[in-house]
Amino acid sequence: MAKDTPTPASNGETGTKNFIHDLIDTDIADGGRFASMTVHTRFPPEPNGYLHIGHAKAIVIDFGTAEKYNGLCNLRMDDTNPSKEDVEYVDAIKRDIRWLGFDWGDRFFYASDYFEQMYEFARTLIQKGLAFVCEMTPEQMRESRGTLTEPATASPWRDRPVAESLDLFERMKAGEFADGAMTLRARIDLNSGNFNMRDPVLYRISRAHHHRTGDAWCIYPMYDFAHPIEDAIENVTHSLCSLEFEDHRPLYDWVIANIDPPSKPRQIEFARLGINHTVMSKRKLRQLVETGRVNGWDDPRMPTLGGLRRRGYTPQSIRSFIERIGVSKVVSTVDYAFLEHCLRENLNAEAQRTMAVIRPVRLVIDNYPDDLSEIFEVENNPERPEDGTREVSFSKELWIESTDFVEDPPRKYFRLFPGNEVRLKSAYVVRCTGCDKDDNGQVTTVHAEYDRETRGGNTPDGRRIKGTIHWVDTRTAATAEVRLYDNLFDVADPDSAEHNFLDHINPDSLQVLTDCKVEAALAQAELPASFQFMRLGYFCLDPDSRPGKPVFNRSVSLKDSYKPKQ
RNA sequence: UGGGGUGUCGCCAAGCGGUAAGGCACGGGACUUUGACUCCCGCAUGCGUAGGUUCAAAUCCUGCCACCCCAGCCA
């Protein structure tokens, strides 16, 4: 039976603790502005690409934190840059979050819902003398920004009269100026060591067509101005984001402090997820797709949620993984093996066992009657007896795994070799008598003789049979295609300074086997379905399957402690 | 050479002044009709480093070192 996995967060409100929860606890206990508020978080993806497992971490943290505190978590599309966004992604994002098992209730929002309010807040800043319309070109702005050690130089428009900025900003909105001709900038601190505070741009002019507001606007707010307002409008108390926004927090707080917001959220940053042997940035994933190195965003080798789903990863396994890696501010890279462990753990408890021979070779039981056929009862899942049994047919000729026979065995090999006894799972014990080979020396048929006293795989005389192998009856077997996967990259850190990820695609990351023999019932499997192919791993049905022509993906192999000796 | 962060086992990660949890990986062993699962056992005299405070320091103080992020009209 499944063991007690230390993942309290997955089955209750108690949950694991992390530094974010410590901070929230303090916020609740210190009698400050959050003391009597409902903990409210949000997951704010920009709809410009597909979600990957890194987003799953943020999702689990955002929704999980709300759940832990009996609070709320909103889903919000952060759509403030129309040139990159599309509705196509909005739907995919919602589907992926639902698939993970999270629910935003009726709190689905768009940043673009607040464009009008943001515009008014911007006017407020201008009126307070805290923002001005700047006419510098992008190049001029870059040159005046200063360096790590030198302060920025002031924009010539920095001290423009309030009325003038107000007028210009209104005309920016009205479409009087060309894209890029002007910006609205905050007036903060040119000497700050933090670039974000050196009069950051708040609004830019862009005629890009917005996927929701169409052409209603030609000015769009920048993230730094928009995000705190979005959070404040939605009554978010704790705005959780990744480490690279730490430098933006002073600006986030500055906006909140100067606009008289509906509420005053607090930003807390955590380390984003890194996993070895893969890449985790939209830009790089996009390159893999666009250069044809993978077959789309949902290629089973991709770390996208769509790819993982197609690979056979279950929502439970992904959530368990995220909950168990913890949350901290240390830039870290988790072992891919840990993700695999979480999947195996989940599927071991859930997946029905079946026999499939992916590299078949014929086994002939010479002393078995030519025309006899028997039916054996095989348990569906030894971890879960209540799942019952299924009937599997058996006859004189079977398919067995070619790797389960060798003429000249290494030490400690206890599968088939001339003279050795092996158990055919749930059927009979057979003794290998030899093999036939073709002109190239390839084994074409393995021969054996069965012991009729061992029906069901039992040994009434009590003798120990070290090896048990899987098999499929040639008379009833169905043929299937099986796709085996390995790391997409052949180095652990494809995303590092040492490696260009595009030069390190693992040539063996996908292996297609087209003539696999499976239990007949598998040809009838319907999506979604995961099985354990005994001794081979966990496999799921792929959408490429056609009637009578099933395709299976190996989600993860079984652990294998067998090491060939000498 | 500015600002912001982070350093506890190969990889994650607890720890919040009282004498180093846990998981993954790895190595042994038991069990086994999956070389799977499960179960045992092992795995940091040590917490980036050097000092200091204290009866007591991974935890407090000081210096140093290393690594990550920041100069988009991206998010």
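Every chain is numbered from 1, with letters handed out A, B, ... down the list of sequences.
With hydrogens and angles left out, the side chain of A:Glu379 and the base of B:rU33 share no donor-acceptor pair within 3.5 Å. Under 3.5 Å, the side chain of A:His470 and the base of B:rA36 form no donor-acceptor pair of N or O atoms. With hydrogens and angles ignored, a donor-acceptor pair closer than 3.5 Å exists between the side chain of A:Asp247 and the base of B:rG3.
Within the shown strands, nothing qualifies as a pairing partner of B:rA56 under the Watson-Crick or G-U definition with both distances less than 3.5 Å. The nucleotide B:rG27 finds its pairing partner in B:rC41, both defining distances of the Watson-Crick or G-U wobble pair being shorter than 3.5 Å. Here B:rU32 sits opposite no nucleotide as a Watson-Crick or G-U wobble pair (both hydrogen-bonding atom distances under 3.5 Å). In a base pair of the Watson-Crick type (N1 to N3 plus N6-O4 or O6-N4) or a G-U wobble (N1-O2 and O6-N3), with each distance short of 3.5 Å, B:rA14 is matched with no nucleotide. Here B:rC67 sits opposite B:rG5 as a Watson-Crick or G-U wobble pair (both hydrogen-bonding atom distances under 3.5 Å).
Here, B:rC64 and B:rG7 have their C1' atoms 14 Å apart, quoted to the whole Å. A gap of 13 Å separates the P atoms of B:rC39 and B:rA25, to the nearest Å. Using C1' as the reference atom, B:rC12 and B:rG18 are 27 Å apart when rounded to the nearest Å. A gap of 36 Å separates the P atoms of B:rC40 and B:rC60, to the nearest Å. Rounded to whole Å, the separation between the P atoms of B:rG29 and B:rU8 comes to 33 Å. Comparing the C1' positions of B:rC41 and B:rA50 gives an interatomic distance of 38 Å, to the nearest angstrom. If you take atom C1' in B:rG22 and the same atom in B:rG4, they sit 32 Å apart, rounded to whole Å. For the C1' atom pair drawn from B:rU53 and B:rA14, the interatomic distance equals 26 Å after rounding to whole Å.
Contact check, A:Thr137 against B:rC73: no side-chain N or O comes under 4.0 Å of OP1 or OP2. A close approach under 4.0 Å does occur between a side-chain nitrogen or oxygen of A:Arg145 and OP1 or OP2 of B:rC73. Taking only side-chain nitrogens and oxygens, A:Ser332 never comes nearer than 4.0 Å to OP1 or OP2 of B:rC11. Phosphate proximity of B:rU1 to A:Thr149: absent, as no side-chain N or O sits under 4.0 Å from OP1 or OP2. Distances shorter than 4.0 Å separate none of the side-chain N or O atoms of A:Arg415 from OP1 or OP2 on B:rG35.
We find that CZ of A:Arg272 is positioned 15 Å from C1' of B:rG5, with the value rounded to whole Å. Summarising the geometry, the separation between CZ on A:Phe338 and C1' on B:rG22 is reported as 10 Å, rounded to the nearest angstrom. Distance, A:Phe43 CZ to B:rA75 P: 16 Å, rounded to whole Å. Distance A:Glu246 CD to B:rA75 P: 20 Å, rounded to the nearest Å. Protein atom CD1 of A:Ile322 is 14 Å distant from nucleotide atom C1' of B:rC24, rounded to whole Å. A:Arg198 places its CZ atom 15 Å from the C1' atom of B:rG72, with the value rounded to the nearest Å. The separation between A:Phe195 atom CZ and B:rG2 atom P is 12 Å, rounded to whole Å. Distance A:Phe270 CZ to B:rC12 P: 17 Å, rounded to the nearest Å.
Among the atoms of the strands shown, none is found under 4.0 Å from any heavy atom of A:Thr459. As judged by a 4.0 angstrom heavy-atom cut-off over every strand, A:Tyr413 is placed among the base-contacting residues. Backbone-only engagement by A:Val327 is indicated by non-hydrogen atom pairs under 4.0 Å involving sugar-phosphate atoms exclusively. Contacts of A:His227 with the nucleic acid, taken as non-hydrogen atoms under 4.0 Å apart, are absent. Base contact: A:Asp22 has a heavy atom under 4.0 Å from a base atom. Among the protein residues, A:Phe245 comes within range of the nucleic acid bases, having at least one heavy atom under 4.0 Å from a base atom. Looking at heavy-atom distances under 4.0 Å, A:Arg353 makes contact with a base. Residue A:Asn458 is classed as a base contact, given a heavy-atom separation below 4.0 Å to a base.
Here A:Tyr428 and A:Phe376 bring their ring centres to under 6.0 angstrom of each other. Residues A:Phe169 and A:Tyr203 bring their aromatic ring centres within 6.0 Å.
Side-chain atoms of A:Arg160 never come within 3.5 Å of backbone atoms of A:Ser165 as a donor-acceptor pair (strictly under, hydrogens ignored).
Ranking B:rG7, B:rU32, B:rC24 by closeness to the A:Val330 side chain, first place goes to B:rG7. Comparing B:rC24, B:rA75, B:rC73 against the side chain of A:Thr80 picks out B:rA75 as the nearest. Ranking B:rG4, B:rU33, B:rC12 by closeness to the A:Ile325 side chain, first place goes to B:rC12. When the nucleotides B:rA75, B:rC73, B:rG35 are ranked by their closest atom to the side chain of A:Asp560, B:rG35 comes out on top. Comparing B:rU34, B:rC73, B:rG35 by their closest approach to the side chain of A:Thr183 singles out B:rC73. Across B:rG10, B:rC74, B:rA36, the shortest atom-to-atom separation from the side chain of A:Arg204 is found for B:rC74. Checking B:rC70, B:rG35, B:rG72 against the side-chain heavy atoms of A:Ser561 singles out B:rG35 as nearest. Among B:rC24, B:rU33, B:rU34, the nucleotide with an atom closest to any side-chain atom of A:Ala337 is B:rC24. Candidate nucleotides B:rC37, B:rC73, B:rA13 were compared by shortest atom distance to the side chain of A:Lys559, and B:rC37 ranks first. For A:Thr333, counting side-chain heavy atoms from C-beta on, the closest listed nucleotide (B:rA25, B:rC12, B:rU33) is B:rC12.
Glycosidic conformation at B:rG42 (O4'-C1'-N9-C4 for purines, O4'-C1'-N1-C2 for pyrimidines): anti, more than 90° from 0.
Looking at heavy atoms from C-beta onward, A:Glu170 lies out of side-chain contact with A:Glu176 at the 4.5 angstrom threshold.
For the side chain to side chain contact (heavy atoms under 4.5 Å, CB included) criterion with A:Glu519, the lone passing option out of A:His470, A:Glu391, A:Met355 is A:Met355.
In this pair, A:Phe109 and A:Tyr114 present their aromatic rings tilted. The plane angle is within the 30 to 60° band. Ring geometry, A:Phe43 versus A:His55: the interplanar angle exceeds 60°, so the pair is classed perpendicular (tilted spans 30 to 60°).
The closest side-chain donor-acceptor pair between A:Tyr50 and A:Glu88 falls under 3.5 angstrom.
For A:Arg42 and A:Glu234, the salt-bridge test fails: no basic side-chain N is under 4.0 Å from an acidic carboxylate O.
More than 12 heavy atoms of other residues, nucleotides or ligands shown are found within 6.0 angstrom of CZ on A:Arg463.
Ranked by how close their nearest RNA chain B nucleotide is to the 5' end, A:Phe414 and A:Pro45 are led by A:Phe414.
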